[in-house]
Amino acid sequence: MDLRFTPDELEFRDEVRAFFRAALPANIRRKMALGQRQSKEDIVTWQRILNAKGWAVPHWPVEWGGTSWGPVKSYIFKEEMQLAPAPDPLSFNVNMVGPVLVAFGSEEQKRRFLPKIANLDIWFCQGFSEPGAGSDLASLKTSARLEGDHYVVNGQKIWTSRAHNADWMFCLVRTDSNAKQQRGISYLLIDMKTPGLTVRPIHTIDGEHHFNEVFFDDVRVPAENLVGEENKGWTYAKYLLGNERVGIARIGASKYRIQRAKELAAQVMVGDVPLGETERFREKMAVVEVELKALEITQMRVIANSLNLPPGVQDPASSVLKLKGTELQQAATELLMEVAGSYALPNQPEYLWGTATEDPVGPEWAPTIAPDYFITRAASIYGGSNEIQKNVIAKRILGL
Ligand SMILES: Cc1cc2nc3c(=O)[nH]c(=O)nc-3n(C[C@H](O)[C@H](O)[C@H](O)COP(=O)(O)OP(=O)(O)OC[C@H]3O[C@@H](n4cnc5c(N)ncnc54)[C@H](O)[C@@H]3O)c2cc1C
């Protein structure tokens with residue numbers, strides 16, 4: 001098996017790299033370099049630049065704005081985006097609801113939604129998790145009752161990322177409470193402005209507002225917003241969650257953090273010696289780098305194998321990528337915490353957004369490091385928690 005890139009793939013990598021260098025707006029580039037958060041406007045601006053180039057939804061079919069890249073070029077594209085570093089296109093739109101509509105939506109739904117999803121004219125959020133239904137998602141209770149030509153939705157979702165930014169939600173609801181758990185679930189598209197829908201913020205330890213609770217109190221949703229067939233939503237959700245795990249190892253993002261930790265460790269002195277030259281730090285850095293290289297080779301193997309799999313079938317090894325990839329993302333943020341030391345905690349939370357009114361205590365690059373460390377703890381929970389990935393590895397790879 002050849003794990004090296006071909007000359008054509010290397011040429012493609014250079015083209016992508018040059019595009020990111022030229023097209024990423026300076027203010028977004030600066031925020032990314034300092035580890036600051038992107039506003040809704042930044043994410044929309046960047047996705048529209050990508051869409052104008054034909055690269056916002058490269059994995060979609062060509063007729064809906066995609067490319068014919070295949071897995072290797074898609075991987076190169078993602079890695080270059082993380083190394084630039086440039087913001088990801090909105091995953092809820094491009095990796096989740098978009099591909100579900102391509103595969104299972106009606107022609108009318110495709111025409112109505114797909115172009116706007118690609119161009120981020122509408123922002124979707126994901127209404128899956130509920131209190132008591134996270135890893136065990138099939139036990140969800142939010143109900144939808146068909147009354148004439150509307151579903152009437154009641155219940156609650158939780159951990160809904162960026163629901164406060166969203167125009168629409170793709171939502172799993174229970175339409176048959178008598179059927180076996182997985183069989184009574186449907187997939188609805190819900191306009192966030194519908195009366196009876198309330199979004200309540202949840203603030204996290206990194207000082208941000210990522211999450212929300214969303215409450216439904218007799219929310220009336222036109223029946224035409226049902227995707228596919230009633231009570232088949234679990235099939236569509238499984239398809240979607242498979243897509244959520246694609247690229248979840250985020251190797252480019254870990255490489256970027258490690259490179260940053262090295263550069264900064266050369267500037268931080270421990271007595272007369274730069275931190276980066278101390279034996280203890282070098283040893284820690286080497287462990288993370290070696291493991292990342294091993295993961296990269298595993299990633300290449302998974303990509304090479306995926307060329308032989310039927311469309312939509314996931315290699316169980318993607319669970320290894322999720323597990324190890326998130327552990328290494330967390331390890332890289334720990335290295336950065338060590339470099340920043342006590343300066344990692346911001347004296348003003350606004351550093352995270354680039355809107356602080358005071359100078360930071362310590363170097364300009366430091367105050368976003370603790371928030372990044374904190375939010376990266378979440379990587380081992382979303383997209384199927386790491387314990388669940390271990391269950392998959394035990395069952396489907398090790399046959400236990
Ligand atoms: C950053 C982030 C963003 C998110 N965004 C969204 C979003 O936009 N929309 C949305 O719907 N959800 C979202 N979620 C929710 C996420 O999908 C759930 O947190 C996740 O599925 C875990 O569910 P839970 O929190 O209910 O934990 P639980 O399922 O209650 O798990 C609690 C603990 O028990 C372990 N556990 C559970 N079952 C097993 C088992 N069978 N074997 C071994 N261990 C087990 C878990 O690994 C975990 O450690 C987000 C979560 C995070 C962290």
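Numbering of ligands and ligand atoms starts at 1, following listing order.
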Crowding at CD, Glu279 (>12 non-hydrogen neighbours, <6.0 Å)
no
With respect to [X], determine whether any N or O atom, backbone or side chain, lies less than 3.5 Å from an N or O atom of ligand 1.
X	value
Ser135	yes
Gln126	yes
Thr160	no
Phe128	yes

Electrostatic pair [X]:[Y] at N-O distance under 4.0 angstrom:
X	Y	answer
Arg280	Glu283	no
Lys390	Glu387	no
Glu334	Arg377	yes

Nearest non-hydrogen protein atom, [atom]:
atom	result
atom 21 (O) of ligand 1	Gly134 C, 3.5 Å
atom 42 (N) of ligand 1	Asn391 ND2, 3.0 Å
atom 52 (C) of ligand 1	Tyr382 CB, 3.6 Å
atom 4 (C) of ligand 1	Ser161 OG, 3.4 Å
atom 39 (C) of ligand 1	Ile388 CD1, 3.6 Å
atom 19 (O) of ligand 1	Ile381 CG2, 3.5 Å
atom 16 (C) of ligand 1	Ser129 OG, 3.7 Å
atom 13 (C) of ligand 1	Trp159 O, 3.2 Å

Side-chain donor or acceptor of Arg174 paired with backbone N/O of Gln181 under 3.5 Å:
yes
Would you tell me which option among Lys390, Glu387, Gln389 has the nearest heavy-atom contact to atom 49 (O) of ligand 1?
Glu387
Does the protein place any heavy atom closer than 4.0 Å to [atom]?
atom	answer
atom 46 (C) of ligand 1	yes
atom 32 (C) of ligand 1	no
atom 35 (C) of ligand 1	no

Would you say the side-chain atoms of Thr175 and Asn231 include a donor-acceptor pair closer than 3.5 Å?
yes
Distance-minimising heavy-atom pair for Met337 and Ala344
SD-CB, 3.9 Å
